[in-house]
Asks: 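What follows is a structure written as structure tokens; I'll ask about it next.
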Amino acid sequence: MSRPAARRLPGLRFEIQAPSVVDVLPRMDVGAFVGFASSGPLHVPVAVEDVADFEAVFGEAPLLAWDAERGEPVQGHLASAVRAFFRNGGRRCWVVRVAGPDAKSNTFPIPGLLRCAEGGVVSAALARARSEGSWSDPVRVAASIHRELVDLVDWSATGSGEATLVVTASGGVAVGDLLRVGFDGTACALLVPVESVEAVGQEATPSFSGPAPRRVTVRVRTTKARWLESSVAPTALPTVSWFRGEGDVVSLGATALVDPGPGEAPRVLTLTLSVTPEAAPPPGAVLRLVEASLGEHWLLVESVVLGQVGAGAVQVFGVASRVRTSTPGAVSSAPAWCERLTLGLWTRRSAEQPAQLERLGFCPSHPRHWAALPTDTERARFEDAETLPSRLPEERLPSDWRQGIPSSRFPLAGPGAQGEAFSIPLGLSDSPTSYVGCTPPAGDSLTRDGLASFDADLFLDADLKSLSIEALPAQADFLRYQSSRPRALKGLHAVMDRLDATLVAAPDAIHRAWVRTGRPPVPPPSPSEPLPEPDWGTFLDCAYEPPPAPAPLVASPLEPTSGQPFTLTWATLPGAGIEYVLEEALRPDFSDAAVLYRGPLTTRTLYGRTPGTRYHRVRAGRAGITGPWTPGVAVSVSPPARWQVLPATSYDVGPLFAVQRSLVRMARARGDLLAVLSLPEHYREEDALAHASALQSPLGSEEDGVPPLGFAEDAALSHGALYHPWTFVSEENKPAEPRRMPPDGTACGVLARRALERGAWVAPANEPWTGVVALSPAMGREWWLDLQEAQVNVVRQEPRAFLTLSADTLATDPDLRPIHVRRLLSLLRRAALRLGATYVFEPNDASFRRRVQRDFESLLGDLFVRGAFAGKTRDGAFQVVAGAELNTPSLVEQGRFYVDLRVAPSQPLTFLNVRLVQSGDRGLVTEAR
């Protein structure tokens, strides 16, 4: 009688968990890719285990330039290579983003947040983008505050910043919390960053069941308390400055200040600034007001009005606050209450859903201090598998700082907590109100991405590129560990210390260089026609008066790129019943104008505009009476790229030679890497033959400081494999739009799949390339044999799939030419290093030598059973020599021990003759040898 598996008899039952299976052989499927990405840390290897991991860190493929010959944009190939790697069977790879030294990060002012330094200096709070590049240009930032009431038992404060509070809170209060003491009937608050906590009492646990924490009474002390006095105003016209970004402080000329007086609640100041509408601070900006008698005030901009006080001026409205150390007199008799504060950061990119991080701390000692949000480079260090187990829990990142939010990493990083006492919230509410963007540094997007100039130095470490194979490992170790200023390696050399990687490729090294193109002239908009005369022959309303033009009309940004949204803002007219009409035209005279918006709002964001110039104008109407048009504004949407790649006839192969030589040298210096190389798309058969020959020649010229592989470096050629031509790949996200890409990503995926399924000693040929639908260009069949003899692995279209029927390295030694032989030797090297590490400090005697021989024979015997070696017997397939004939007494006295592993790699069947013989009236098929 069968019983459900979930049913059990009553009693005690023991379950023994089987031990984890130990990998007998090292992994040979891990790849490493070096190239261009939109975001992510520069020159830092990041472990990626699926496409979602890659996109969360590195984003989409960056737009590099425009190809005038094809009439299409040119993008980076790193993203497509990684996707092809996983699509074809790869499971793990390292990704290194490279760029030049000109790459810059954007900085973002945090709305409603100030930073108080240890010395008492107050400044605007600025966050950084998590990595360099222009990818964060459309990001906008907002802030909110979370308040938790705590019971205030007693408080005291002095004018020097010392304060003591006795509070009762659920779960107590911890060092790093920020407490705010408010006083009824006043606009003053005492901000107390907790420096020390002393338990005073503890309430009994509630009698009811539930997760309610114990209420604890504690005494907290600080020496950094500050008073925040809101609803204040300068007594005279102040000087105004706006902190737009790091090192970007803008002086705003103030012409008037209107103060409603202390009786108004809230006390909203009206500040008139003599600035152009394009330079006006947006809602959410924090302005610094300095007045001679009262000192420094901070104004949180709540709203902005354009064009109400004459041309060339704007009005901003907001409540001003002042930070002070002395106790205000108004709080002496006012009832006090206390709350614990935490910060919420919100970001929004274009029309996407906002991402948020909540419960962030205001103090540097808080475990989730907002200013400690890591950059991508810092995050990679925190997540390094080699150092994470030894790192203390308090040094590890909170879990939600590591996750994708919602589909990519949180775009902001903190400025660091050096010298900060705590951060001060200024007018924040429970939910975000205003999103503020960044002001990008000077330079176009490609310049700020560090990719304005294409050369080999983007991919190479300047201190390593000219070294030979023998000198490379020692110099790399010196730079990392022994120099006066140790540093990490850059470019593709950063892969050297990722010991699990066995495949490496630089798919972006094949690009043609690009140059900046000029911008065509844009005709200005024509003046709008005047209002028509009213019909004076009829009776008109005595109050007949057309509303004025809602000037100025401002576009931000004025020169967006294709696909980038831009916002149109115009002045607000006084009175009720105002309706605004926004028109857009392609001609400067507005003869083809179309209405985009009709309603009471004074701002409109437009999305999805293609390249070209569009003209906009606005007018207002009230009760059927229409006013005049504002002066038109021309918004020039530029093409996706303002840079243009050079034609194929002007291609300079020098950077490609330099990168590929460096890849092969590094692979040989490591001893267990295979460099997967590719060629430019426009290379035909003769070009491919010449390129392979030039890579193998020791007599070539030096390219970008990288010499050719010399006679003594001939063995390094077995660590490089060349694939051609390019492939059209149908990707999952856009199956109807096949994308051209170099073959190295797919080739690495096939190599990884073959290593996982059958072993690295099996030739990675005759294996279907998943996702490939065409070749660009297809190599002529009559050239296949010549290309094979030149050791170029040709991607071919066969009836069943796209694949390669050769698997050769560039080695000049016939025994090392097959890829599977090089991979087998690399596998043996990795296995010997892992097994040999257990023998260090063992007694070097006869029994030890027998043990070593037995262990290595067991290892090689397992490989023999799996088909890695040729030969009918074990003795004919491999030998392990570790006896006295190799380890002489003099070597033993020196503490040295040698083991010779002699193997006969298996050889693949490359062709098979089938002979058709007719005997009588029947046909027989026999195999010919």
Side-chain angles (χ1 to χ4, degrees), residues 233 252 254-261 263-285 299-320 433-434 525 527-536 538-556 567-585 590 593-606 615-633:
L252 306 175
T255 59
L257 175 65
V258 178
D259 178 13
E264 292 289 332
R267 189 177 180 180
V268 179
L269 305 182
T270 302
L271 189 64
T272 303
L273 305 175
S274 179
V275 296
T276 61
E278 293 81 5
L299 178 73
L300 177 62
V301 178
E302 297 179 357
S303 61
V304 180
V305 173
L306 307 178
Q308 291 296 300
V309 290
V314 298
Q315 287 181 325
V316 297
F317 302 85
V319 177
T433 55
S434 300
S528 299
E529 62 276 6
L531 289 176
E533 288 283 338
D535 187 0
W536 298 109
T538 61
F539 288 99
L540 300 177
D541 192 338
C542 294
Y544 176 84
E545 181 181 359
L553 173 61
V554 180
S556 178
T567 301
L568 297 170
T569 305
W570 52 91
T572 302
L573 299 183
I578 297 292
E579 182 184 59
Y580 303 97
V581 178
L582 171 66
E583 285 189 348
E584 181 181 66
F590 291 93
V595 176
L596 288 184
Y597 171 74
R598 187 187 300 271
L601 302 180
T602 58
T603 183
R604 194 72 174 173
T605 301
L606 305 182
Y615 300 88
H616 303 86
R617 61 183 182 180
V618 180
R619 68 181 178 186
R622 181 193 291 118
I625 303 176
T626 301
W629 293 103
T630 61
V633 172

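Owing to the predicted nature of the structure, the values given are computational and were not obtained by experimental measurement.
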Asks: Tell me the closest heavy-atom pair linking A551 and P631, and the distance in Å.
Replies: CB-CD, 4.4 Å
Asks: With a 4.5 Å cut-off on side-chain heavy atoms, are P260 and R267 touching?
Replies: yes
Asks: Can Q315 and V258 be said to form a side chain to side chain contact (heavy atoms under 4.5 Å, CB included), step by step?
Replies: CA-CA 10 Å; Q315 287 181 325; V258 178; over 6 Å; no
Asks: For T602 and Y580, which heavy atoms make the closest approach, and how far apart are they?
Replies: CG2-CE1, 3.7 Å
Asks: Name the one of R604, E583, E584 that satisfies side chain to side chain donor-acceptor pair (under 3.5 Å) with H616?
Replies: E584
Asks: I need the minimum non-hydrogen distance between L299 and A320, along with the two atoms involved.
Replies: CD1-N, 3.8 Å
Asks: Enter the distance from T603:OG1 to L568:CG here, rounded to the nearest 0.5 Å.
Replies: 7.5 Å
Asks: Closest heavy-atom contact between G627 and P546?
Replies: CA-CB, 4.3 Å
Asks: Are P525 and R617 side-chain neighbours, meaning at least one heavy-atom pair lies under 4.5 Å?
Replies: no
Asks: When you measure from the side chain of T630 to the backbone N and O of V618, does any donor-acceptor pair fall under 3.5 Å?
Replies: yes
Asks: Please assess V314 against V275 for the test side chain to side chain contact (heavy atoms under 4.5 Å, CB included), listing each intermediate value before the final yes or no.
Replies: CA-CA 7 Å; V314 298; V275 296; 3.6 Å; yes
Asks: Of all heavy-atom pairs between P277 and P552, which one has the smallest distance, and what is that distance?
Replies: CG-CG, 3.2 Å
Asks: Please state whether the rings of W570 and Y597 are parallel, tilted or perpendicular, taking 30° and 60° as the class boundaries.
Replies: tilted
